[in-house]
*Asks:* 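Dropping a structure here in structure tokens format, bear with me for questions.
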There are 2 protein chains.
Amino acid sequence: MTRVTPRRPGGRTARNTAAVLDATLAELGESGYAGLTVERVAARSGVHKATIYRRWGGADGLLAAALEQADHDSWTPPDTGALESDLRALGEEVAAGFSAAAEEGEEGNVATATIAAAFQSPAAAEALRAFMEERLRRCAEVVARAERRGEVPEGTDAAEVVRAAVAPVYFRLFISREEGAAEAAARAAQVAAGAAKAGTFRAGPSDR
Amino acid sequence: MTRVTPRRPGGRTARNTAAVLDATLAELGESGYAGLTVERVAARSGVHKATIYRRWGGADGLLAAALEQADHDSWTPPDTGALESDLRALGEEVAAGFSAAAEEGEEGNVATATIAAAFQSPAAAEALRAFMEERLRRCAEVVARAERRGEVPEGTDAAEVVRAAVAPVYFRLFISREEGAAEAAARAAQVAAGAAKAGTFRAGPSDR
DNA sequence: TCCCTAATGCGACGGAAGTTGCACTATGAC
DNA sequence: GTCATAGTGCAACTTCCGTCGCATTAGGGA
């Protein structure tokens with residue numbers, strides 16, 4: 001139904017794609033997913049709404065496409081020289097990004113919007129899954145460095161360490177809706193790093 | 001605007017309230033928050049949609065009211081005799097509840113719907129915050145028992161221990177959208193219990 | 001029991017979202 | 001350069017959501 005890869009990818013089609021995805025990101029930054037409307041994107045991009053419905057299927061398709069594009073950025077995890085401070089910086093980055101997004105109209109809103117959209121749309125859920133998988137993969141470097149320094153035992157499940165460090169931040173932001181996500185980052189980093197050093201995260205049933 | 005507490009709480013008003021909230025829960029179980037519509041609730045409950053809009057303001061108000069009602073249940077945390085297995089049971093309960101909800105049309109959907117709605121509606125966000133606060137408060141008993149048994153040092157921040165144990169489960173369910181939430185519960189319980197015993201969770205800046 | 005009025009029912013209206021059929025434009029193969 | 005057609009623009013249409021004014025009903029104090 002939805003043609004994501006047109007058979008004529010050149011010229012006008014390419015320009016339309018770029019204009020629509022740009023407009024989508026801008027709208028997300030301003031209004032979040034709840035305010036993301038095909039009609040507004042159409043008006044902003046100058047592309048007719050029928051075209052958008054045909055090519056992306058709706059608001060969820062727009063979001064998935066925009067996220068897939070954002071996925072190709074050059075983000076790398078922090079490198080402070082020690083596992084715990086790396087994890088803390090990671091968590092604080094998450095907390096800061098989402099907190100700022102909630103107040104201003106920042107681009108962190110795109111991530112928030114995607115998490116929200118994943119509840120309603122399989123396409124968005126899949127886009128989010130792929131995005132987070134990629135992020136966790138890049139974060140594995142943090143644990144790999146710690147392993148090289150001898151901070152943690154060999155065979156440590158890197159992704160699991162990172163999950164333990166950032167999960168409490170997301171929990172406070174989106175599940176329990178409490179304040180103090182930034183402080184939680186420090187505590188979680190301490191816990192995760194401690195457990196990693198003690199060997200609790202050595203590749204168990206979930207290594208992958 | 002929205003009159004949550006009518007001045008005539010008896011008779012028809014009470015019957016309408018019950019019928020509407022029942023219908024809301026049923027709709028949530030079948031279609032989630034995305035499919036929660038005032039018109040459908042009106043049709044199902046036999047109460048006119050204008051009445052629903054006047055008293056609850058919209059879909060988000062319905063959800064908040066339904067959740068507030070569910071908040072008054074008699075749920076208590078598991079008691080297995082040891083901290084780590086208590087935490088594991090807790091996390092597995094969460095994982096099972098939400099996984100089942102995702103497949104069938106179960107009541108766990110109400111919680112999922114609330115988390116989703118919190119992204120769009122301040123009322124739902126506040127309802128979710130209150131609900132989770134109450135749940136965390138009840139879960140503190142798990143840590144209190146461990147403290148009495150001497151498993152963890154005095155002054156351990158109970159809520160923080162519970163957050164560390166369940167956050168990775170929620171993270172996999174709703175943020176990274178990975179499989180294996182149940183397995184994550186075991187690992188997280190191990191990490192949280194270990195850190196608690198080591199005194200990492202002794203009341204820090206975030207005791208409250 | 002009576003009576004004031006809070007609460008509800010009812011229908012119509014305005015607006016926004018999404019769909020569809022048709023005409024037109026410009027891409028890319030030749 | 002030419003030409004078939006993928007892709008787009010356009011406008012009308014249907015459906016659904018939320019609001020409003022007014023008539024009607026029933027709660028609960030007297």
Side-chain angles (χ1 to χ4, degrees), chain A residues 1-24 27-28 30-65 113 116-117 120-124, chain B residues 1-24 27-28 30-65 113 116-117 120-124:
Chain A
M1 315 295 136
T2 306
R3 175 152 299 286
V4 181
T5 311
R7 297 185 196 172
R8 282 183 187 173
R12 183 166 62 166
T13 298
R15 285 195 301 277
N16 279 349
T17 301
V20 167
L21 294 188
D22 279 355
T24 300
E27 286 290 325
L28 282 176
E30 291 177 9
S31 325
Y33 182 68
L36 182 65
T37 269
V38 172
E39 306 229 22
R40 290 177 63 90
V41 172
R44 186 170 206 144
S45 65
V47 177
H48 198 84
K49 70 169 179 172
T51 298
I52 299 181
Y53 278 113
R54 280 189 280 246
R55 287 189 54 195
W56 287 277
D60 61 334
L62 284 176
L63 185 130
Q120 301 177 29
S121 151
Chain B
M1 315 293 143
T2 306
R3 175 152 301 288
V4 182
T5 311
R7 299 185 196 172
R8 281 183 185 173
R12 182 166 63 166
T13 297
R15 284 195 302 277
N16 279 349
T17 301
V20 167
L21 294 188
D22 278 356
T24 300
E27 286 290 324
L28 281 177
E30 290 177 10
S31 325
Y33 182 67
L36 182 66
T37 270
V38 172
E39 306 229 21
R40 290 178 62 91
V41 172
R44 186 169 205 144
S45 65
V47 176
H48 196 84
K49 69 171 179 170
T51 298
I52 298 181
Y53 277 113
R54 277 188 283 247
R55 288 188 54 196
W56 287 276
D60 59 336
L62 285 175
L63 185 130
Q120 299 175 30
S121 152

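Residue numbers start from 1 in every chain, and the chains themselves are labelled A, B, ... in the order their sequence lines are given, proteins ahead of strands. No hydrogens, no waters, no symmetry mates; every other heavy atom, side chains included, goes into these values.
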*Asks:* Please report the distance, rounded to the nearest Å, between NE2 in His48(A) and P in dT25(C).
*Replies:* 15 Å
*Asks:* Taking atom P of dA17(C) as reference, at what distance in whole Å does atom CG of Leu36(A) sit?
*Replies:* 11 Å
*Asks:* Within the distance-only criterion (no hydrogens, no angle test), does the side chain of Ser45(A) pair as donor or acceptor with the backbone N or O of Val41(A) below 3.5 angstrom?
*Replies:* yes
*Asks:* To the nearest Å, how far apart are Glu39(A) CD and dC16(D) C1'?
*Replies:* 14 Å
*Asks:* Measure from the side-chain heavy atoms of Ala50(A) and tell me the nearest of dT8(C), dT8(D), dA11(D).
*Replies:* dA11(D)
*Asks:* What integer distance in Å separates Trp56(B):CH2 from dG18(D):P?
*Replies:* 15 Å
*Asks:* When the distance from NZ of Lys49(A) to P of dG21(C) is rounded to whole Å, what number comes out?
*Replies:*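 Checked: the NZ to P distance equals 16 Å.
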*Asks:* Do Leu62(B) and Tyr33(B) have side chains that get closer than 4.5 Å, going by heavy atoms?
*Replies:* no
*Asks:* CD1 of Ile52(B) versus C1' of dG9(C): gap in Å, rounded?
*Replies:*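 Whole-Å distance recorded here is 12 Å.
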*Asks:* Given atom CG of Asn16(B) and atom C1' of dA26(D), what is their separation to the nearest angstrom?
*Replies:* 11 Å
*Asks:* With the side chain counted from C-beta on, respond yes when Val20(B) and Arg55(B) share a heavy-atom pair under 4.5 Å apart, and no when they do not.
*Replies:*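 A side-chain contact under 4.5 Å is absent here.
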*Asks:* Is it the case that the base of dG9(D) and the side chain of Arg54(A) share a donor-acceptor contact (distance under 3.5 Å, atom types as modelled)?
*Replies:*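 Side chain to base: pair present.
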*Asks:* Taking only the side-chain heavy atoms of Arg55(A) (C-beta and beyond), determine which of dA7(C), dT8(D), dT27(C) contains the nearest atom.
*Replies:*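 Minimum distance to the Arg55(A) side chain belongs to dT8(D).
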*Asks:* Rounded to whole Å, how long is the line connecting atom CZ of Arg40(B) with atom C1' of dG18(D)?
*Replies:*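 Atom CZ in Arg40(B) sits about 17 Å away from atom C1' in dG18(D).
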*Asks:* Between dC16(D), dT8(C), dA17(C), which one does the side chain of Tyr53(A) approach most closely?
*Replies:* dA17(C)
*Asks:* Check whether any side-chain heavy atom of Thr24(B) lies under 4.5 Å from a side-chain heavy atom of Leu63(B), and answer yes or no.
*Replies:* no
